[in-house]
Participant: 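This is the structure I have questions about; it appears just below.
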Amino acid sequence: MSGTFYTGRTGKLKVAGTIIAKIRDWSIETTVELISTNTVDSRFNTFVPGVAGATGSATVMYYRDTDGVGAVQDFTAFIGKIMKQSANGVTTADKVSFELRVDGDTAADMVKFDGYITSMGIQVSTGEVTTVPISFTVDDKFTSGGVVPA
C-alpha cells in the first residue's frame, strides 16, 4: 500500500483578497440540523435535513517578512476584525476569506470559505514565533476547492 500523509500545516487568511497571515494547526467541523417529521402515531424517529453550518479553529502565526509576503501586515487591523475600537462593532465588512489546505496548492485538498473570526487570543513566548489562536464560523457555504457545494 502506498500513499502520502499530509500534515495540514498550510493555510491562508485573506482580507479584501490580500493574504494577511499564514495558518497552522487548523480544524473545521460541519453540522446539519435535522428536522423531525414524526407524527402522533410515529413509532420511529424520521427526519429531513435542515440548515447546515460549520465552525473551526486555527493558529495564526504572527511574523513579518521584509517583503511583506504572507505576513500579518497590520496587527491592529487584524485584531479589529473581532474587537472594534469604535461604537459600530463588528459588521459584514469584517468577514474574512479562509483557504485551509492539507497539501500545498492542490485544489482537491483545500477548503475555501468566507467567515467571521469569533474569538482570538495572543500567545507570546521567549524564543518562539508569536501565535494567535482563533475560532471562526463559516458564513454561507464552502466556495471551492476539494469540498464542492452541491
Side-chain angles (χ1 to χ4, degrees), residues 1-36 47-150:
M1 174 189 263
S2 65
T4 304
F5 291 96
Y6 299 106
T7 63
R9 63 187 168 97
T10 53
K12 298 174 185 173
L13 181 65
K14 292 182 176 182
V15 174
T18 301
I19 298 170
I20 64 161
K22 288 189 177 180
I23 294 176
R24 67 165 197 202
D25 304 328
W26 58 268
S27 67
I28 192 164
E29 180 179 336
T30 60
T31 58
V32 64
E33 296 175 6
L34 295 177
I35 302 168
S36 175
F47 302 92
V48 295
V51 176
T55 59
S57 63
T59 302
V60 175
M61 297 178 290
Y62 181 66
Y63 68 100
R64 289 188 189 263
D65 284 341
T66 54
D67 61 2
V69 175
V72 175
Q73 298 301 307
D74 184 341
F75 198 65
T76 304
F78 174 63
I79 291 174
K81 292 293 176 185
I82 184 170
M83 182 57 72
K84 295 293 189 174
Q85 296 179 357
S86 69
N88 296 334
V90 176
T91 67
T92 56
D94 295 307
K95 189 183 321 183
V96 295
S97 297
F98 290 83
E99 289 183 12
L100 302 179
R101 301 170 181 268
V102 294
D103 180 36
D105 291 322
T106 305
D109 297 322
M110 171 180 56
V111 179
K112 289 176 69 174
F113 56 89
D114 293 332
Y116 294 95
I117 297 172
T118 56
S119 68
M120 71 172 31
I122 300 172
Q123 296 176 346
V124 180
S125 299
T126 302
E128 299 290 329
V129 173
T130 298
T131 57
V132 183
I134 63 171
S135 295
F136 54 84
T137 298
V138 176
D139 182 52
D140 204 1
K141 60 189 173 294
F142 298 131
T143 54
S144 68
V147 179
V148 179

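For the single chain, residues carry numbers from 1 onward in sequence order.
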Participant: How close do Phe47 and Leu34 get, heavy atom to heavy atom, and via which atoms?
Facilitator: CD2-CB, 3.8 Å
Participant: We want to know whether Ser135 and Ser57 form a side-chain donor-acceptor pair, criterion being a heavy-atom distance below 3.5 angstrom.
Facilitator: no
Participant: Between OG1 of Thr143 and NZ of Lys112, what distance do you get to the nearest 0.5 Å?
Facilitator: 5.5 Å
Participant: Val132 and Gly121: which non-hydrogen atoms are nearest, and at how many Å?
Facilitator: CG1-O, 2.9 Å
Participant: Can you confirm whether Asp114 sits close enough to Asp140 that some side-chain heavy atom of one is under 4.5 Å from a side-chain heavy atom of the other?
Facilitator: no
Participant: Mind checking whether Phe113 and Phe98 have parallel, tilted or perpendicular rings, split at 30° and 60°?
Facilitator: parallel
Participant: Looking only at heavy atoms, what is the nearest atom pair of Ala54 and Thr30, with distance?
Facilitator: CB-CG2, 3.7 Å
Participant: Do you know the tightest heavy-atom contact between Pro49 and Ile35?
Facilitator: O-CD1, 4.5 Å
Participant: I would like to know whether Val138 and Ile28 meet side-chain contact (heavy atoms from CB on, under 4.5 Å); could you show each step before the answer?
Facilitator: CA-CA 9 Å; Val138 176; Ile28 192 164; 4.2 Å; yes
